[in-house]
J.: 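Below you'll find the structure I mean.
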Amino acid sequence: MLKKAIQGILQRILGFERYLFYFSRWKIATLKWDSSKKEGDFNFFLTLLNPNDVVLDIGANIGVMSVLMARKCQEGSVFAFEPIPDNFATLQKIISFYGLSNVSAFQLALGDEQKEVNMTMPTLQGVRMQGLSHVEHPSIEGYTPSIHTFTVKQELLDHLPELQNKRVGAIKMDVENYEQFVVKGGQQLLKRDHPILYLELWENENRQTCFDLLQEIGYSVFVLENNQLTAFNPTKHQQHNFFFKSEKVGNHPN
């Protein structure tokens with residue numbers, strides 16, 4: 001309650017645009033010390049990246065994780081995808097502020113069809129929750145209705161010309177229960193390169209669909225336990241963050 005009250009005050013005083021910019025910078029500076037499960041898992045994901053990796057940040061939000069991945073992959077590159085206009089504007093400012101020449105930003109939603117989709121940014125206790133922005137879809141429930149809605153362009157990961165001649169080494173994805181559609185639209189890329197995946201998946205049908213889709217193409221599911229990857233056991237593990245690794249070797253032409 002107190003955290004939301006402070007966020008609400010800051011959004012009113014600074015304005016939403018400036019709030020997002022300063023909030024992103026604060027998270028970038030402090031995330032490595034964040035002891036929460038979510039951020040601890042992401043910090044471990046960073047250790048799996050190689051300096052020359054091509055990494056996709058799908059659901060880049062306001063650029064926090066894009067910056068940290070770009071710093072780790074200084075000889076590689078980060079492709080950041082964020083469809084919400086306010087978030088994307090902040091992402092661009094953050095990339096410029098930190099002088100990241102190895103980050104390319106795309107104002108796109110990703111899914112399994114080329115079309116326009118409606119998205120919404122929930123408001124909780126008077127606070128605009130940019131991190132909970134999501135596609136409006138019958139399969140996605142449990143979010144507070146909001147007056148902040150957007151119509152955005154959606155593309156398939158497999159159709160993006162910028163990735164056709166790139167070997168993708170890793171993907172971080174957090175798209176608020178829309179992951180299954182992104183995976184469906186990226187099957188060719190996943191089969192081609194078999195990148196390491198880091199996904200946030202809530203315990204619902206979307207999670208199981210993602211498991212099934214990825215296991216069909218050779219991925220195994222892991223969670224972080226005692227600072228090492230352990231095969232996911234649904235009777236034991238309650239995590240929302242999952243790592244997917246494939247034993248297969250990608251057949252990228254380059």
J.: Can you check salt bridge (charged side-chain N to carboxylate O under 4.0 Å, His left out) on Glu225 and Lys236, steps first, answer last?
T.: CA-CA 11 Å; Glu225 185 176 54; Lys236 176 183 177 183; 3.4 Å; yes
J.: Is any side-chain heavy atom of Glu39 closer than 4.5 Å to a side-chain heavy atom of Met65?
T.: yes
J.: Got a sec: does the CD of Glu136 have more than 12 other heavy atoms crowding it under 6.0 Å?
T.: yes
J.: When rounded to the nearest 0.5 angstrom, what distance separates OG1 in Thr120 from CD in Glu176?
T.: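 Thr120 atom OG1 to Glu176 atom CD measures 11.5 Å (nearest 0.5 Å).
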J.: Looking at side-chain heavy atoms only, is the closest gap between Phe243 and Phe44 below 4.5 Å?
T.: yes
J.: Drop me the distance from Arg25's CZ to Lys93's NZ, to the nearest 0.5 angstrom.
T.: 12.0 Å
J.: Establish, from distance only, whether the side-chain atoms of Gln208 and Asp212 form a donor-acceptor pair under 3.5 Å.
T.: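 Their side chains do contain a donor-acceptor pair, which is all the 3.5 Å distance test asks for.
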J.: Would Tyr219 and Glu247 count as having a side-chain donor-acceptor pair, cut-off 3.5 Å?
T.: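 Not at all, the side chains of Tyr219 and Glu247 share no donor-acceptor pair under 3.5 Å.
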J.: Any carboxylate oxygen within less than 4.0 angstrom of a Lys/Arg side-chain nitrogen, looking at Glu179 and Arg207?
T.: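 Salt bridge: no.
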J.: Identify the residue among Asn61, Leu199, Val182 that makes a side-chain contact (heavy atoms from CB on, under 4.5 Å) with Val175.
T.: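 Between Val175 and the candidates, side-chain contact (heavy atoms from CB on, under 4.5 Å) is satisfied uniquely by Val182.
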J.: Quick check against the 3.5 Å criterion: does Asp158 have a side-chain atom that pairs as donor or acceptor with the backbone of Gln188?
T.: yes
J.: Can you establish whether the number of heavy atoms outside Glu203 located under 6.0 Å from its atom CD is more than 12?
T.: no
J.: Between Asn102 and Ser77, does any side-chain donor sit less than 3.5 Å from a side-chain acceptor?
T.: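 Result is no, nothing qualifies.
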J.: Using the rule that two of Ile, Leu, Val, Met, Phe, Trp, Tyr join whenever any of their side-chain heavy atoms come within less than 4.5 Å, decide whether Ile9 and Phe23 are in one cluster.
T.: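 No, Ile9 does not connect to Phe23 through the hydrophobic network.
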J.: Give a yes or no on whether Lys184 atom NZ has more than 12 heavy-atom contacts from other residues, nucleotides or ligands under 6.0 Å away.
T.: yes
J.: Report the relative orientation of the aromatic rings in Phe45 and Phe42; use parallel for angles under 30°, tilted for 30 to 60°, perpendicular for over 60°.
T.: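 The arrangement is tilted - the two ring planes meet at 30° to 60°.
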J.: Between the side chains of Asp86 and Arg128, is the shortest nitrogen-to-carboxylate-oxygen separation below 4.0 Å, so that they form an ion pair?
T.: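 Salt bridge between Arg128 and Asp86, a charged N being under 4.0 Å from a carboxylate O: yes.
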J.: Should Leu163 and Leu157 count as side-chain neighbours, where that means a heavy-atom distance under 4.5 Å?
T.: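 In contact.
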J.: From the options Leu108, Asn118, Val135, Val117, select the one residue that forms a side-chain contact (heavy atoms from CB on, under 4.5 Å) with Val152.
T.: Val117
J.: So Phe97 and Phe21, would you call those rings parallel, tilted or perpendicular, with 30° and 60° as cut-offs?
T.: perpendicular
J.: Would you please indicate yes or no on a ring centroid separation below 6.0 angstrom for Phe211 and Phe232?
T.: yes
J.: I would like to know whether Tyr19 and Gln130 meet side-chain hydrogen bond (donor to acceptor under 3.5 Å, both in side chains); could you show each step before the answer?
T.: CA-CA 11 Å; Tyr19 165 81; Gln130 94 288 335; 5.3 Å; no
J.: With a 4.5 Å cut-off on side-chain heavy-atom distances among I, L, V, M, F, W and Y, is there a chain of contacts connecting Ile217 to Ile196?
T.: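 Same cluster.
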J.: If you measure from CZ on Phe81 to CZ on Phe88, what distance do you get to the nearest 0.5 Å?
T.: 10.5 Å
J.: Take the angle between the ring planes of Phe242 and Phe244 and call it parallel below 30°, perpendicular above 60°, tilted in between.
T.: tilted
J.: Using side-chain contact (heavy atoms from CB on, under 4.5 Å) as the criterion, point out the one residue from Val67, Val64, Ile62, Leu68 that pairs with Lys27.
T.: Val64
J.: Can you tell me how far apart CD (Glu113) and NE2 (His159) are? Round to the nearest 0.5 Å.
T.: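 Interatomic distance, Glu113 CD to His159 NE2, rounded to 0.5 Å: 11.0 Å.
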